[in-house]
Amino acid sequence: MPLLLLDLDNTLLPRDAAFQAWAAGFLGEFGLPPGDVGWLTVMDGGGYVPRSTVLGATRRRYGLDLSLDSLLTHYRRGMNSHISCPGDHLRALRAARAAGWTIAIVSNGGTTAQVAKIRRTGLGSLVDAWVVSEEAGCAKPDPLIFETAAQRCGIDLATDWTADTWVIGDHAPADIAGAAAAGLRSVWLHHGRPWSEQAYRPTHSAATLPEAVALVLAEGAAVPAAAAAAPNDAQRKRKGKGSAQAAGAARQAEKAGQWAEGAEEVGGPAPVPLERLAGRDSPAAAAAIAVTVG
């Protein structure tokens, strides 16, 4: 079955826009210079800087008489109030499901924060599974996290599942390097940036998530069972290219580190147990998964 693996922050969800909205509200609430949204955005680093670093520097800059825990709570609540999934992103996911694709979210970060985003934005009902690095015990670009996502979708890893699996993401060292290392095709959301990596490349690049999904649907239709049993020349070539890229992508693992899309979870509650995070958003699962937000 065709499988689509999607990054969460700045792919499905406009995480940076939510941060900037929180930053503007925070500065206004505390009577701080509104022009400092730029400074906070630089400190934020797109969510990849630990929240303890970002908020600790914020306390010192403005001399705030707040504990780090209090500021973290303010941040979490503000982010949750501003995060939403654009309507065209939801429509793109529905189109993929209507075309017969299985969909999973693969996210680096803290379990509580990332699962809260998935559920609050309505994504939970549109995907078959999700994997968050904290609860999974592995992070992109490690191929294991993509394999875990496939297994949670009910896919047998003994099959040639990689032939019909795509990854869409915006962060090259995590999403695209991980796809290359796992032998998967990928679409990079460039957000207006040039490609700069030499060791690996995405299969395609796109400006928006709907465009990326359209590329996948156009090129990545499911292979009939008989054809899947005997890969064609194009599949062999693709797999060979993936193997060649894998060595270069693997070298990016140290560079990528534990990319913290959910870095706001620093100092948060313990992760939700793995068995409660199968990712299927059935009524039973909804009742089983209790997500606490700052």
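Atom-to-atom distance recorded for Ser81:OG and Arg76:CZ is 14.5 Å, nearest 0.5 angstrom. Taken to the nearest 0.5 Å, the OG1 atom of Thr165 stands 5.5 Å off from the CD1 atom of Ile155. Taken from SG in Cys85 to CZ in Arg91, the straight-line distance is 10.0 Å, to the nearest 0.5 Å. Leu12 contributes atom CG, which lies 5.5 Å from atom CD1 of Ile105 (distance to the nearest 0.5 angstrom). Distance check: His74 NE2 to Thr58 OG1 gives 11.5 Å after rounding to the nearest 0.5 Å. Summarising the geometry, atom CD1 belonging to Ile168 is positioned 8.0 Å from atom CG belonging to Leu215; distances are rounded to the nearest 0.5 Å.
Within the 4.5 Å cutoff, no side-chain heavy atoms of Val187 are placed close to those of Pro202. For the pair Tyr75 and Val54, the minimum side-chain heavy-atom distance is 4.5 Å or more. Between Tyr200 and Pro173, the closest side-chain pair of non-hydrogen atoms falls below 4.5 Å. Under the 4.5 Å side-chain criterion, counting only non-hydrogen atoms from C-beta, Leu126 is in contact with Leu90. Using a 4.5 Å heavy-atom cutoff, the side chains of Pro34 and Leu27 are not in contact. Val37 is not listed as a side-chain neighbour of Phe26, based on a closest heavy-atom distance of 4.5 Å or more. Leu68 has its side chain within reach of Arg59: a pair of non-hydrogen atoms, C-beta onward, lies under 4.5 Å apart. At a threshold of 4.5 Å between non-hydrogen side-chain atoms, the residues Leu13 and Leu123 count as touching.
Taking the side chain to side chain donor-acceptor pair (under 3.5 Å) definition, one finds that Trp188 meets it with nothing, sequence neighbours left out. With sequence neighbours left out, the side chain to side chain contact (heavy atoms under 4.5 Å, CB included) criterion links Leu144 to Cys138, Asp142, Glu147, Thr148. Taking Arg61 as the reference, Asp36 meet the salt bridge (Lys or Arg N to Asp or Glu O under 4.0 Å) condition, with sequence neighbours excluded. Taking the salt bridge (Lys or Arg N to Asp or Glu O under 4.0 Å) definition, one finds that Arg97 meets it with Asp128, sequence neighbours left out. Evaluation of the side chain to side chain donor-acceptor pair (under 3.5 Å) rule for Asp44 yields Arg15, Arg51 as partners, not counting sequence neighbours. When the side chain to side chain donor-acceptor pair (under 3.5 Å) test is applied to Thr208, no partner is found at least two apart in sequence or on another chain.
In this structure, Gly109 and Val132 approach most closely via the heavy-atom pair O-CG1, 3.3 Å. Taking each heavy atom of Glu197 and Ala172 in turn, the nearest pair found is CG-CB, 4.2 Å. Closest heavy-atom contact between Ala149 and Leu5: CB-CD2, 3.9 Å. Of all heavy-atom pairs spanning Cys153 and Ile103, the tightest one is SG-O, 4.3 Å. Nearest heavy atoms, Met43 versus Ala57: CE-CB, 3.6 Å.
Other residues, nucleotides and ligands place more than 12 heavy atoms under 6.0 Å from the CG atom of Asp156. Counting heavy atoms of neighbouring residues, nucleotides and ligands inside a 6.0 Å radius, atom CD of Glu29 exceeds 12 of them.
Side-chain contact, Ser67 with Ser70: a donor N or O sits under 3.5 Å from an acceptor N or O.
For the pair Trp22 (side chain) and Ala24 (backbone), a donor-acceptor distance under 3.5 Å is absent. Between the Thr73 side chain and the Asp69 main chain, a donor and an acceptor come within less than 3.5 Å of each other. Remark: the backbone N or O of Val216 is not paired with any side-chain donor or acceptor of Glu219 at under 3.5 angstrom. Listed for the Thr203 side chain is no donor-acceptor partner under 3.5 Å among the backbone atoms of Arg185.
Looking at Gln114, Glu134, Lys117 one by one, the single match for side chain to side chain donor-acceptor pair (under 3.5 Å) with Ser107 turns out to be Gln114.
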Checking side-chain contact (heavy atoms from CB on, under 4.5 Å) for the pair Asn108/His171: CA distance, chi angles, key distance, verdict?
CA-CA 11 Å; Asn108 286 357; His171 193 58; over 6 Å; no

For a side-chain contact (heavy atoms from CB on, under 4.5 Å) check, start with the C-alpha distance between Phe146 and Lys140, then their side-chain angles and the critical distance, and finish with the verdict.
CA-CA 8 Å; Phe146 300 109; Lys140 298 177 289 186; 3.8 Å; yes

Under the side-chain contact (heavy atoms from CB on, under 4.5 Å) criterion, do Asp9 and Thr11 qualify, and how do the steps go?
CA-CA 5 Å; Asp9 289 326; Thr11 296; over 6 Å; no

Residues Val106, Asp175; criterion side-chain contact (heavy atoms from CB on, under 4.5 Å); working and verdict:
CA-CA 9 Å; Val106 182; Asp175 302 313; over 6 Å; no

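Residues His82 and Phe19 place their aromatic rings such that the two centres sit no closer than 6.0 Å.
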